[in-house]
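Below, chain A is the first sequence line, B the second, and so on; all start at residue 1.
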Number of protein chains: 2
Amino acid sequence: MLADDLAKAIIDGEFAPGARLDEQQLAQRYAVSRTPVREALRQLATTGLIEIRPRRGAIVAQVTPAQLEELFVAMGELEATCARLAALSMAPTERRRLQDLHERMGALAAANDVSAFADANHALHTMIYAGAHNIVLADMAAAMRRRLSPFRRAQFRLEGRLPRSHDEHGQVVRAILRADAPAAHAAMLQHVMRVEQSFEDLCAINQPAMAEEK
Amino acid sequence: MLADDLAKAIIDGEFAPGARLDEQQLAQRYAVSRTPVREALRQLATTGLIEIRPRRGAIVAQVTPAQLEELFVAMGELEATCARLAALSMAPTERRRLQDLHERMGALAAANDVSAFADANHALHTMIYAGAHNIVLADMAAAMRRRLSPFRRAQFRLEGRLPRSHDEHGQVVRAILRADAPAAHAAMLQHVMRVEQSFEDLCAINQPAMAEEK
DNA sequence: GAATCGTTAATTGCATGCAAACTTCACTAT
DNA sequence: ATAGTGAAGTTTGCATGCAATTAACGATTC
């Protein structure tokens, strides 16, 4: 589906936040006419990934720091809810797989393999969404993650972020494994807040570099 | 916007779940061509209100009892999260307005004014979403409410539902007013579960009538 | 008599074309 | 020199038309 391809391109950072999404260019790029491009853009706009300004075209959603804060809070609450439900209702098999993955990620963190850790991180969180046994909630959490991904891509590159992230995961995973719902909720909430903090640190570092571009 | 009009028509029950949404008919009805209709349908599909089956047209989303259960659980968790955050961060003015509205709804419940109570109910929940001071979460909760509304329309007609609903609201409102976040969370979760229970009771009553149609 | 296959009709998906609106650039006036 | 106004070009928004797929109906065969 065209909307998925476009979403992937945006998530992968081929279009930066604020970049104009010209219908004709996209039509050429994907070798279709403007009609399906327009339909795809409307879909992405409803997910919040892009923004359509009437008569003025579409841009990749750019977000003020205040909105970003809200997005992270909402994401944290969603993920924390999934973690709480997962603690209550994960099947034994799911719990074992979660533990396995978490342990494997320890090695990746130690080796500082950012790319593999990022993939595994995605899998871990997705596993927790699935463990909530509620497709609606899982879809919402996944959509939220997608919506934030343009802003979160470089976060793991921060020095020493991998082991700390792994530690935070450990808190969440252990709480889920012992079916401690409140602890799972709290640990996940804290984890997401830490991710946000890392992102803000990263912004603070890059801000001067971004400023000198213009 | 066309998508909003269409969504309203679906929410108001002009198109029942499972009804086919013919592009040409909709185009005639709204006096536009098929192109904007298609764009609107794609948008509604991403919200989950309708379902587009490739090459086979769009229908109002029909939902199995299991999916409906998931929708109500997800909605309950979302609303409970909003209630918890509202308890923590509502401004004094907002708290007073919430209390005012709740007290006015007591009279509506006593008078058994179903229509006015339903409107006020919507306002009350929206007020709590807003009280969370997080637009992203509020939008998600509102979208969820929209998505469930085709199935929840007749729920207030159940005998004696209004006073009980008002009582449940009282639990939530009092918890929010005294900034008791865990209690607000729990009370809202319970309220939504009770709404779901009412809906299921209603289904159990209507089921035979639906069965004899075919 | 029922089931399967072929044909026809209808509907979706996409391309193209045209009109309206916005942006940009140039020119004029203060 | 700067700001405001005008016009041209670009881009969105929508309508229409055509092709492809699917559903429905009828005919034929077992």
Side-chain angles (χ1 to χ4, degrees), chain A residues 1-11 13-64 139 143 146-147 150 213-214, chain B residues 1-11 13-64 139 143 146-147 150 213-214:
Chain A
M1 194 145 201
L2 183 58
D4 296 328
D5 293 344
L6 246 176
K8 191 174 178 301
I10 293 171
I11 290 169
E14 295 184 47
F15 302 96
R20 268 192 98 236
L21 297 167
D22 186 76
E23 292 181 1
Q24 294 199 31
Q25 286 178 13
L26 293 175
Q28 280 197 349
R29 171 176 171 153
Y30 291 102
V32 291
S33 81
R34 280 176 48 225
T35 307
V37 170
R38 284 176 60 80
E39 291 177 355
L41 289 178
R42 292 298 161 87
Q43 290 183 65
L44 297 184
T46 41
T47 69
L49 199 62
I50 72 172
E51 195 176 329
I52 293 183
R53 306 160 302 175
R55 289 270 168 204
R56 298 185 56 204
I59 58 172
V60 178
Q62 45 188 357
V63 153
T64 68
D139 284 351
R146 268 196 354 180
R147 192 165 164 192
E213 270 181 21
K214 193 63 183 296
Chain B
M1 195 146 201
L2 182 57
D4 296 327
D5 294 343
L6 246 177
K8 190 173 178 306
I10 294 171
I11 289 168
E14 294 183 48
F15 303 95
R20 269 193 93 231
L21 297 166
D22 186 77
E23 293 180 0
Q24 293 197 30
Q25 286 178 13
L26 293 175
Q28 279 196 351
R29 172 177 170 149
Y30 292 102
V32 292
S33 80
R34 282 175 48 224
T35 308
V37 170
R38 285 176 59 79
E39 290 176 355
L41 289 178
R42 292 297 160 84
Q43 289 183 66
L44 297 184
T46 50
T47 70
L49 199 63
I50 71 173
E51 194 177 327
I52 293 183
R53 306 161 301 176
R55 288 269 168 204
R56 297 186 56 203
I59 58 172
V60 178
Q62 45 189 355
V63 153
T64 67
D139 284 351
R146 272 196 351 179
R147 191 167 165 189
E213 272 182 20
K214 193 63 180 294

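Taking the salt bridge (Lys or Arg N to Asp or Glu O under 4.0 Å) definition, one finds that B/R147 meets it with nothing, sequence neighbours left out. Every residue two or more places apart in sequence or in another chain that forms a side-chain contact (heavy atoms from CB on, under 4.5 Å) with B/R29 is listed here: B/A9, B/E14, B/F15. Every residue meeting the side chain to side chain donor-acceptor pair (under 3.5 Å) condition with B/R42, not counting sequence neighbours, appears here in chain and number order: A/E39. Partners of A/T35 by side chain to side chain donor-acceptor pair (under 3.5 Å), not counting sequence neighbours: none found.
Evaluation of the salt bridge (Lys or Arg N to Asp or Glu O under 4.0 Å) test over residues 46-61 of chain A, restricted to residues two or more places apart or in two chains, returns none.
A heavy atom closer than 4.0 Å to some atom of DNA chain D occurs in A/R20, A/D22, A/E23, these being the qualifying members of residues 15-23 of chain A. Sorted by residue number, the members of residues 25-48 of chain A with any non-hydrogen atom under 4.0 Å from DNA chain C read A/V32, A/S33, A/R34, A/T35, A/P36. Within a heavy-atom distance below 4.0 Å of DNA chain D, the residues of residues 54-63 of chain B found are B/R55, B/R56.
Closest heavy-atom contact between A/A58 and A/I52: CB-CG1, 3.9 Å. When all heavy atoms are compared, the tightest approach of A/A61 to A/P17 is O-CB, 3.6 Å.
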Set out, line by line, the N/O atom pairs under 3.5 Å between protein and nucleotides 6-9 of chain C.
none

Donor-acceptor pairs are to be reported for all side-chain atoms of residues 20-27 of chain B against protein atoms at under 3.5 Å, with residues two or more places apart or in another chain.
residue	atom	partner	partner atom	Å
B/D22	OD2	B/Q24	N	3.1
B/D22	OD2	B/Q25	N	3.0
B/E23	OE1	B/R34	NE	3.0
B/E23	OE1	B/R34	NH2	3.1
B/E23	OE2	B/R38	NH1	2.8

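Note that the first and last nucleotides of DNA chain D, 5' to 3', having any atom under 4.0 angstrom from a heavy atom of chain A are D/dT11 to D/dG13.
If you take CG on A/L2 and CG on A/L41, they are separated by 8.0 Å, rounding to the nearest 0.5 Å. A/D4 CG to A/L44 CG: the interatomic distance, rounded to the nearest 0.5 Å, is 8.5 Å. In this structure, CE on B/M1 lies 11.5 Å from CG on B/L6, to the nearest 0.5 angstrom. Distance CD/B/Q62 to CD1/B/I50: 12.5 Å, rounded to 0.5 Å.
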